[in-house]
Amino acid sequence: MKYHVLIDGEHHAVTLAADGSAWSVTMLDDDGAPSGKPVHIDIGTLREAHAYSLLVNQRSIDVAVEEQGSSLSMVIGGGRYKVDVLGEREYLAHSIKAEQGDGDKTVEAAMTGIVVDVLVAEGDAVTKGQTLFILEAMKMENEVKASVDGVVARVARSAGETVNLGDVVLEIE
Amino acid sequence: MKYHVLIDGEHHAVTLAADGSAWSVTMLDDDGAPSGKPVHIDIGTLREAHAYSLLVNQRSIDVAVEEQGSSLSMVIGGGRYKVDVLGEREYLAHSIKAEQGDGDKTVEAAMTGIVVDVLVAEGDAVTKGQTLFILEAMKMENEVKASVDGVVARVARSAGETVNLGDVVLEIE
Amino acid sequence: MRELKKVLIANRGEIALRVIRTCREMGLRTVAVFSDADRNAPHVRAAYQAVRLGPAPVGESYLRADKILEAAKATGADAIHPGFGFLSENTTFVQAVRDAGLIFVGPSPEAILAMGDKIEARRRMVAAGVPVVPGMEDPVTDPELLRSEAERIGLPVMIKASAGGGGKGIRIARTMDELQSLADRASSEAAAAFGNGAIYLEKYLEEPRHIEVQIFGDSHGNVVHIGERECSIQRRHQKVIEERPSPLIDDELREKMGAAAVKAAKAINYENAGTLEFLVDKHRDFYMLEMNTRLQVEHPITEATSGIDLVRWQLDVAAGKPLPMTQDEIKHEGHAIECRLYAEDADNGFLPAVGTVKRLEWPGGNGVRIDSGLYEGMAVTPHYDPMLAKIIVHAHDRDAAIARMSRALSEVQVTGVVTNAAFMRRVLHSEPFQSGRYDTHTIEGHPEDFAPKLSDARRRDIACIAAAMAHTLRSRRGFTARDSAPRSSRSSAWVDAFRPGAAS
Amino acid sequence: MRELKKVLIANRGEIALRVIRTCREMGLRTVAVFSDADRNAPHVRAAYQAVRLGPAPVGESYLRADKILEAAKATGADAIHPGFGFLSENTTFVQAVRDAGLIFVGPSPEAILAMGDKIEARRRMVAAGVPVVPGMEDPVTDPELLRSEAERIGLPVMIKASAGGGGKGIRIARTMDELQSLADRASSEAAAAFGNGAIYLEKYLEEPRHIEVQIFGDSHGNVVHIGERECSIQRRHQKVIEERPSPLIDDELREKMGAAAVKAAKAINYENAGTLEFLVDKHRDFYMLEMNTRLQVEHPITEATSGIDLVRWQLDVAAGKPLPMTQDEIKHEGHAIECRLYAEDADNGFLPAVGTVKRLEWPGGNGVRIDSGLYEGMAVTPHYDPMLAKIIVHAHDRDAAIARMSRALSEVQVTGVVTNAAFMRRVLHSEPFQSGRYDTHTIEGHPEDFAPKLSDARRRDIACIAAAMAHTLRSRRGFTARDSAPRSSRSSAWVDAFRPGAAS
């Protein structure tokens, strides 16, 4: 089976084959030809759908995994990686969408809390690093900053409102 | 609701009533009248069907529980109790059976292992404390002794056989 | 001497459990209090008795002094241990406990008051001859005064809450332009956190080390110090990693700081456990910052090197016993480090994280101590402090302690909530920590030094692992789908990615 | 001096994990080996690499010297640590390791051989002037000789396996009548366990205490002793609870036994960690029993009071380094206790228990160390030793250590497998243990002293709890039945008991 793996947007193509009770995974180059030796992966289940013990070429590696929409959030050796694993068709669809570009950039609440203050208004030009709003959670005020330059297209929430993880607070074009 | 609780065969009758989100349990005397004050029990689930945190009249008590046939095996504060909880009809059936008495006394394997030697034969008279057979498990030989006086009615397993927990090895009348 | 038999612990989480453990070892009965969110928490389960206070918000539970006193009365407790935070430095509560005829395991209301107001405390310490950081002797409200005082002290200045603690209500102003807006924010945060919006200014020291001294006083006038703790590894003005001894301090400076700490405590007739916080600058001059009139979060590293159970001392002193050791008898062995496990995303501005703990595994083995309030199934919510647990190690020297902590952190497994465990391992392995040359600005001054690095080889490994994991999860999904309820639509996109024909 | 970089640990469970932990703290890479039953075990997960040996039975996995050496070669390991049990005292294996050019982390084959044959060891120790228990100098096979030797030594006598260890192949004969049949049983058990059925007789001491001395030798001829361990709390001739210091031993006796232990070790040019086991009778006379030429299960209590990491010493000595401390530099602080958590039913003749671990929670807090190979989902099978984990506490004195251990044991939560945790708490609280006046017969001589007691009030509480629990489980069952597969017929009787109309 062929999969496309996107790590922080960087693309890797692999083939996956059964290797006894385990898996053999081979990286593919741009032409779809194998590049490098197959990696042997044995997967032991510690907690179904949550935690696994992997032997990767006999290297012992614990993996905590969570499904987030179509992505996998994996914690490997302390590092946290958000990875998309796509089949051929999905990867094609993904590529087309990526080429068209996604216009809006939504700024979401990274945690559940209360919006203390929104420091920008619709139409404001903002620069990367500028504080957009202040979110209070766990008794701390957290300044949420712009990760890109742009113009505020929409302010969805206002001061005093409670927001949940992932709620869109504002959008930057 | 009324329940009959048998602890090591000793009988207690109780009534159970909802007490807000918790339970109120009252012991009953021989005439079915309440004896003593109700006990208030709040049950928190630590692991469904396995482990619970109880507040019994505000006393904090952890209970590990396992269902074994119609019995409950409970570990409370380190003590292990095998308890039968019966409704009225079951208790009646149980009482009738108890009156008739159960003739045979089966001697079961208390663990999985290999029968190393059976020291008695059918028809042998045995006395309490006498070694009946030897069971090897976890690299140790364990002598299984008679818990009652009687006569060996049947020897179900012989030396060299592997037995599982609960398998009948012999019967004493 | 008053006999203690039953102690109510007016707190939650790891510190409540920690106090309960010592009580049990002393043969004392314990009463836990809990909010609805904490019904199944370890402190409730470990206590002899447990009393519900109310709903999850702290204002309806752990800050309800009236309900706590009611619980103490109903259960026949004769003493209340406040832990830290919540009501531990609330003089009204302390007085109410005493008025109810109960023992408060901590200092007198007078001592708390003397140190609770940071500005008042500065005045008293100056009078007692304890060095303090240059700054204001009064709170500030007038914008004009704010500017002139900032000019007098010299920029940068720290804006601090008069009633502060735990890093809350602190801002640093580096320019006159931002002074007023930062002061406003500090004041509003302080008002929300402590019910008191008063702020003041203090000189902001460059390359400062945050080093504190544990002291202990009894009701017979004895005060000892039990060595220092180095707490300079901070982010968001909150401590993350502490160690003892401090790599900066030699025996001479240790004695000087210890003597100053004892002087400060004696100046206010201090009783029970307390901590004098100092800033030490690059010239190894030290200035007292504030006194914490309670047990400190990082007290276990002092316990590790001294062999003293500080909570046992607290309970004995509260019962009127004299300190069990003189200054000369207190000795330290080896090196101890504490790491605070926070629910936060260290790779994303240390933002607090929430979630439900799906799986939990702690490190074990030689020289590792776990003080935790976590449990599987626990919901980590914004209601309470994001500190989940403390991991403490002790070893024969600093290098061995660092290696042991790194090993221990690698064994921590918390699934369902993002923690800072990996971040702390990176700090341990960084040059500043390894060399012992770090200060309170090290983390936030050089965030790139502590960011995760991803090599090409690692990236390829992750790609392979991700493919195998994704395929395995999909297979299991297919297998379990038959007996389980339909999954939420949230994961449907993921399922679609694996529908027949999706993969070649 | 030879440099170690990668160590293969030829063991499983808690001891494999314990060795891996120290390797990691020393910056050494580790290779775990595992049977199919241990694929998800902690030692596999903690190691840098892991190699499968074969199916669950030890003869097909952990005793396969050939496969272990193959794994070492394949992974480039330069040393093998044997842990204890399995191949740790197998001279053929040790020689094969050396022949393969690898470092064996342990003594020489000659030293193991000298002590491995219990009868040969007796001879050498007598020659070296170390006191031994009166007994035979040769193994016995002839029934006539068995009787005459038993008469010469005097009843009761212990029948012991020449190649024995871990309490296996031991029987006590109190009458001449039972002598032969017990000897036969001991011999057959020894043959099965060690591949050698040779047995011998030894005087059975009354009220004996089992006290052992930790020694350590290096390749430069240095040997030190690191204090004693009291191991008299036993059932089935196996240790359950150990403590250090021994309540029986004073400094003078400690020095005498330490000197004898060093003398014994020097007599065989002993290198690495070893333990001299002694019996001490009621007159405080001591007799050497045997020497264990490996790390001992209960080594952590020595680590707790001495601050020494014995596995670190093992690895350093194996690399050719001299001992890091002289005899004078070794000091002990406080009191340590170890409890061995066994899968066994203490209320039912200490029969081994099997099962699958459903839920697991360990104690934490000050002075508590957990060395465990357990994990949730683990199947406890008859394939391996029933010891699941070790709980070790350290405190400032014996009373505090007992209280701490009692508290720690009460926090142990293992669901799915019966353990001896509650039994050990009863031992800790018993008069013999509290007073320190106990011997190796205390447990089995007075089983009623350690049996669970059930008061009437307790019985009533249990009845109430059982009713509420049963009702709750039934309700949940009804709730979950809709989405889950039909339950096994095994529980149908239970379900029937709650069918509508069953309860009034």
Open item on the list: Looking at D:Arg398, I want to see if its CZ is surrounded by more than 12 non-hydrogen atoms of other residues, nucleotides or ligands under 6.0 Å.
Closed with: yes
Task: D:Arg21 versus chain C, the contacting section by heavy-atom distance below 4.5 Å - done: both
Task: Portion of D:Arg18 that has a non-hydrogen atom of chain C nearer than 4.5 angstrom - done: side chain
Task: Other residues, nucleotides, ligands: >12 heavy atoms within 6.0 Å of D:Arg39 CZ - done: yes
Task: Contact class of D:Glu333 relative to chain C, heavy atoms under 4.5 angstrom - done: neither
- [ ] Using a strict cut-off of less than 4.0 Å between a Lys/Arg side-chain nitrogen and an Asp/Glu carboxylate oxygen, indicate whether D:Glu411 and C:Arg45 qualify as a salt bridge.
- [x] no
Task: Greatest number of heavy atom pairs closer than 4.5 Å to chain D - which of C:Ala400, C:Gly334, C:Ser410, C:Ala46 - done: C:Ser410
TODO: Residue by residue, scan residues 363-375 of chain C and write down, ordered by number, those that have a heavy-atom distance under 4.5 Å to chain D; if none do, write 'none'.
DONE: C:Pro363, C:Gly364, C:Gly365, C:Asn366, C:Val368, C:Arg369, C:Ile370, C:Asp371
Open item on the list: Below 4.5 Å, heavy-atom pairs only: which of C:Glu361, C:Arg359, C:Lys390, C:His394 has the largest tally toward chain D?
Closed with: C:Glu361
Task: Side-chain touch D:Met26/C:Arg407, heavy atoms, less than 4.5 angstrom - done: no
Open item on the list: According to side-chain contact (heavy atoms from CB on, under 4.5 Å), who are the partners of C:Ser406, at least two apart in sequence or on a separate chain?
Closed with: C:Arg425, C:Leu428, C:His429
Task: Interchain contact, C:Asp399 with chain D, by part (heavy-atom threshold 4.5 Å) - done: neither
- [ ] Can you tell which part of C:Glu14 gets under 4.5 Å to a heavy atom of chain D, answering side chain, backbone, both or neither?
- [x] neither
Open item on the list: If you count heavy-atom pairs within less than 4.5 Å of chain D, which of C:Arg404, C:Glu376, C:Met405, C:Arg24 leads?
Closed with: C:Arg404
